[in-house]
Amino acid sequence: MHLLTVCTLFCLLAAGYGQSHDLLLGQATYGDVVIYKVNEVKYGFPFFVRTSVIEYPEPGQSNFAYIRSIYIKDNERDGSGGYPTISAGGIGQRFVKIKLKSQRGYGFNFTITIYGRY
């Protein structure tokens, strides 16, 4: 019984270690187009947490499309990448503010794709 518990715990830890931190909101359907796409990369420094804020549309620009889907892909597939969060706007809105945060001592590499409909 004790061996079964140890094996189960080991399997859960192994499965959780190799996870990426992708974020998918909404669903792009027929008629939706890519209205924004960007790669955001920051390299890690020992003991530091790196952050970045992405705004769509960029300050000073306007957007006439409604956001239908947001896909933030973590390109660091080994679990050492960062964490994306939506801090304002999003699905059904015409704007979004995305905060990217790395793990301590690591960097991040995200591809952000926003789909919308005019």
Side-chain angles (χ1 to χ4, degrees):
M1 183 66 172
H2 181 66
L3 180 62
L4 180 64
T5 305
V6 171
C7 288
T8 303
L9 181 61
F10 179 72
C11 289
L12 288 173
L13 288 174
Y17 177 74
Q19 299 295 317
S20 65
H21 304 110
D22 295 347
L23 178 64
L24 176 62
L25 301 172
Q27 183 176 2
T29 58
Y30 181 77
D32 295 341
V33 294
V34 174
I35 56 176
Y36 185 75
K37 185 169 186 173
V38 68
N39 290 325
E40 186 71 14
V41 178
K42 285 201 175 179
Y43 296 101
F45 293 110
F47 308 112
F48 283 95
V49 174
R50 305 292 306 267
T51 60
S52 183
V53 176
I54 307 295
E55 292 185 45
Y56 174 78
E58 295 174 355
Q61 295 184 352
S62 59
N63 173 33
F64 298 107
Y66 286 98
I67 296 172
R68 302 284 301 241
S69 177
I70 301 170
Y71 180 41
I72 305 172
K73 181 178 183 278
D74 183 9
N75 296 318
E76 301 289 341
R77 305 310 283 178
D78 62 355
S80 66
Y83 300 99
T85 56
I86 305 295
S87 58
I91 305 301
Q93 304 289 323
R94 292 183 175 177
F95 70 97
V96 66
K97 184 185 269 190
I98 301 167
K99 183 176 180 185
L100 306 173
K101 183 178 178 182
S102 74
Q103 297 181 46
R104 186 169 304 279
Y106 291 94
F108 57 76
N109 181 356
F110 286 103
T111 300
I112 300 167
T113 308
I114 300 175
Y115 297 88
R117 183 173 290 184
Y118 291 98

For [X] and [Y], which heavy atoms make the closest approach, and how far apart are they?
{"X": "Pro84", "Y": "Leu100", "answer": "CB-CD2, 3.8 Å"}
{"X": "Tyr66", "Y": "Gly92", "answer": "CD2-O, 3.5 Å"}
{"X": "Tyr30", "Y": "Arg117", "answer": "O-NH2, 2.5 Å"}
{"X": "Phe110", "Y": "Asn75", "answer": "C-ND2, 3.8 Å"}
{"X": "Thr29", "Y": "Arg68", "answer": "OG1-NH2, 3.6 Å"}
{"X": "Arg94", "Y": "Pro57", "answer": "O-CD, 3.6 Å"}

ILVMFWY network linking [X] to [Y], side-chain heavy atoms under 4.5 angstrom:
{"X": "Ile67", "Y": "Tyr118", "value": "yes"}
{"X": "Ile114", "Y": "Tyr71", "value": "no"}
{"X": "Ile112", "Y": "Tyr83", "value": "no"}

Rounded to the nearest 0.5 Å, what separates atom [atom1] in [X] from atom [atom2] in [Y]?
{"X": "Glu58", "Y": "Asn63", "atom1": "CD", "atom2": "CG", "answer": "11.5 Å"}
{"X": "Ile70", "Y": "Leu23", "atom1": "CD1", "atom2": "CG", "answer": "7.5 Å"}
{"X": "Tyr36", "Y": "Ile98", "atom1": "OH", "atom2": "CD1", "answer": "8.0 Å"}

Note to self: As a quick check of understanding, evaluate side chain to side chain contact (heavy atoms under 4.5 Å, CB included) for Phe95 and Glu55, giving each step before the final call.
What the structure shows: CA-CA 8 Å; Phe95 70 97; Glu55 292 185 45; over 6 Å; no
Would the distance check show the side chain of [X] and the main-chain N or O of [Y] forming a donor-acceptor pair, the cut-off being under 3.5 Å?
{"X": "Asp74", "Y": "Asp22", "value": "no"}
{"X": "Lys97", "Y": "Val53", "value": "no"}
{"X": "Ser69", "Y": "Leu25", "value": "yes"}

Step through the shown structure and confirm whether more than 12 heavy atoms of other residues, nucleotides or ligands are within 6.0 Å of [atom1] on [X].
{"X": "Gln27", "atom1": "CD", "answer": "no"}
{"X": "Tyr115", "atom1": "OH", "answer": "no"}
{"X": "Lys101", "atom1": "NZ", "answer": "no"}
{"X": "Lys99", "atom1": "NZ", "answer": "no"}

Next item on the list: Would you please test Ile35 and Tyr56 for side chain to side chain contact (heavy atoms under 4.5 Å, CB included) and show each step?
Entry: CA-CA 9 Å; Ile35 56 176; Tyr56 174 78; 3.6 Å; yes
Check: Relative to Phe47, does Arg104 satisfy both conditions: NZ or CZ under 6.0 angstrom from the six-membered ring centre, and within 45 degrees of the ring's axis?
Finding: no
Note to self: Phe108 and side-chain contact (heavy atoms from CB on, under 4.5 Å): which single residue from Gln103, His21, Glu40 fits?
What the structure shows: Glu40
Note to self: Quick one, Lys42 with Ser52, criterion side chain to side chain contact (heavy atoms under 4.5 Å, CB included). Give me CA distance, side-chain angles, the key distance, then yes/no.
What the structure shows: CA-CA 8 Å; Lys42 285 201 175 179; Ser52 183; 4.1 Å; yes
